[in-house]
Amino acid sequence: MVADRLDGGMETLRGLLDGSLDLDEHHASTLSASLGGTTAFWLKRQADYREMLERALYRAMADHDESAAWLTLHVPGPKPRGRLNEERRRDEVRRRLAFYNVGTMSAWQARYGRICSETLFRTTDAFTSDDGAVLMWLRNGELGADVVDTRPWSPGNLHDRLKAIRALSKIRHPELFLPKLRALCAEAGVAVVTKRAPDGCRASGASRMVAPDKAMVLLSFRGLSDDKFWFTLFHELAHLILHGARTFLDVDMGDDNDSEREANEFAARLIVPEHREGDFARLSPTKDDVIRFSVAGDVAPGLTVGQMQHRRMIHHKQLDFLKRRWKWEQLRPFVE
């Protein structure tokens, strides 16, 4: 893997991809050995990129409205404070041009701005999402998907792997189940990316096509419990299988339209298959019975409890001890 050969590993590779790091001779030599092409070829690519970036920056700075529009966009890192002098203003616009990898605000609108109006944002009265923070999170996901090798996207191949994916819910620790999950999904053309949502973004998950032959599922681990994580994953996989190339950004698991109802039902059926509905309806709310039911269904008990709570078979906190919960300190190596 390219990242293994770079000083700084994956962090360096991400920096090269998002434009926050310049590609130097050492990086160029590593890319040459890993991907082919000469060192000079990669250095020329960096020089060409820099030239195009500075050209785009010149155009943006020449139009006060354009540069002001760029400065409203969210990007990773600290927010600028106080009044910006000309040099800092240029630096901040350059950061945004590099991060979003588009040369004009109209190009940004065509690629990202439409998501706000075309995407089915799912929200509740309790949570609101800042569009800028959501789009930054989505762009971070795209950059993460760029470094994931996948086979060509195939809904059929993904459907064939759903049982194996569901069985991974029985593994307690994310550091053990995430590599297996990513490998299974990559075989079907899906890059699974985990990114903690920034302030202002309440998204649990997202799904979209990031290339004609590559899909992405982006997960934030919001809620820090196994029932929420796996239901969100199943929900996003449902969107890919059932709803094609549309982008979905999901904040709440409500049934506010047909697509969401279908994805929710699909996810619920992975946890409680239709042929087990009768047994589930009669399930006693005791630890041993829930564990036995879950083991027979090849799923973690926490997911069964989540369904029981959602369907109001039990109180919304009853049997919560069967759910697995994580802390951000545990997740930090896997959810940047």
Side-chain angles (χ1 to χ4, degrees), residues 2-3 6 8-24 27 31 42 45-81 84 86-116 119 129-148 191 193-203 206 208-211 214 216-220 247 249 335-336:
V2 177
L6 290 167
M10 187 60 73
E11 185 177 350
T12 297
L13 182 56
R14 290 194 186 100
L16 294 174
L17 286 171
D18 68 20
S20 60
L21 283 179
D22 282 340
L23 189 148
D24 60 22
H27 298 143
L31 293 178
W42 290 106
R45 292 284 298 272
Q46 172 65 33
D48 290 345
Y49 168 75
R50 268 290 154 194
E51 182 180 347
M52 288 187 289
L53 179 60
E54 293 305 311
R55 205 178 299 149
L57 177 63
Y58 176 82
R59 288 194 299 267
M61 295 303 294
D63 185 328
H64 183 270
D65 290 340
E66 174 103 351
S67 63
W70 278 109
L71 290 173
T72 65
L73 301 183
H74 292 235
V75 290
K79 296 180 180 179
R81 295 182 179 276
L84 299 179
E86 185 68 12
E87 183 179 356
R88 288 183 63 203
R89 191 179 181 89
R90 289 175 62 86
D91 288 343
E92 291 299 327
V93 173
R94 184 187 288 110
R95 282 176 64 200
R96 286 153 177 79
L97 287 163
F99 178 70
Y100 288 103
N101 195 31
V102 290
T104 64
M105 182 50 62
S106 59
W108 184 91
Q109 288 288 351
R111 185 169 176 179
Y112 295 103
R114 289 186 319 190
I115 293 173
C116 295
T119 296
S129 288
D130 181 293
D131 289 352
V134 172
L135 293 174
M136 181 179 76
W137 179 69
L138 189 64
R139 175 58 180 156
N140 259 328
E142 290 178 348
L143 291 168
D146 284 345
V147 301
V148 179
V193 182
T194 51
K195 296 283 183 182
R196 185 173 181 176
D199 291 344
C201 174
R202 302 287 185 175
R208 74 180 311 209
M209 298 300 298
V210 292
K214 187 176 190 177
M216 175 188 74
V217 165
L218 177 58
L219 303 164
S220 70
T247 296
L249 287 160
V335 187
E336 303 89 359

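Computed from a prediction, not measured in an experiment: that's the story for all the values here.
With sequence neighbours excluded, the residues that form a side-chain hydrogen bond (donor to acceptor under 3.5 Å, both in side chains) with D48 are K44. Residues satisfying the salt bridge (charged side-chain N to carboxylate O under 4.0 Å, His left out) test with R139, not counting sequence neighbours, are E142. Under the rule for a side-chain contact (heavy atoms from CB on, under 4.5 Å), the partners of A107 that lie at least two apart in sequence or sit in another chain are V102, T104. With sequence neighbours left out, T194 forms a side-chain contact (heavy atoms from CB on, under 4.5 Å) with L178, R182, L219, F221, V335. With sequence neighbours excluded, no residue satisfies side-chain hydrogen bond (donor to acceptor under 3.5 Å, both in side chains) with E87.
Residues M105 and W108 are in side-chain contact: their nearest non-hydrogen atoms beyond the backbone lie under 4.5 Å apart. The shortest distance between side-chain heavy atoms of L53 and R94 falls below 4.5 Å. A 4.5 Å side-chain heavy-atom check between H74 and P198 finds every atom pair outside the cut-off. Contact check for K195 versus L143: no side-chain heavy atoms found under the 4.5 Å cut-off.
Minimum heavy-atom separation, S220 to A197: CB-N, 4.1 Å. When every heavy atom of R96 is checked against every heavy atom of V75, the shortest pair comes out as CG-CG1, 3.4 Å. Contact record, L218 with L138: CD2-CA, 4.0 Å, taken as the closest heavy-atom pair. Across A133 and G200, no two heavy atoms sit closer than the pair CB-C, 3.8 Å. Residues A203 and W137 share a closest heavy-atom pair of CB-CZ3, 3.4 Å.
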Stepwise salt bridge (Lys or Arg N to Asp or Glu O under 4.0 Å) check, R88 with E92: CA-CA 6 Å; R88 288 183 63 203; E92 291 299 327; 5.6 Å; no

Check the pair E86, R90 against salt bridge (Lys or Arg N to Asp or Glu O under 4.0 Å), reporting the backbone distance first and the verdict last. CA-CA 6 Å; E86 185 68 12; R90 289 175 62 86; 5.1 Å; no

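Atom CZ of R45 sits in a sparse spot, with 12 or fewer heavy atoms from other residues, nucleotides or ligands closer than 6.0 Å.
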Return a table of donor-acceptor pairs under 3.5 angstrom between the side chains of residues 55-65 and protein atoms on other chains or two or more places apart.
unit_1	atom_1	unit_2	atom_2	d
R55	NH2	E51	OE2	2.7
D63	OD1	D65	N	3.0
D63	OD1	E66	N	3.2

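Rounding to the nearest 0.5 angstrom, the gap separating the CG atom in L97 from the CE atom in M52 is 12.0 Å. Atom OH of residue Y112 and atom CG of residue N101 lie 7.5 Å apart, to the nearest 0.5 angstrom. Distance check, rounded to the nearest 0.5 Å: CZ of R196 to CG of N140 gives 13.5 Å.
The closest donor-acceptor contact from the side chain of R95 to the backbone of P76 lies under 3.5 Å.
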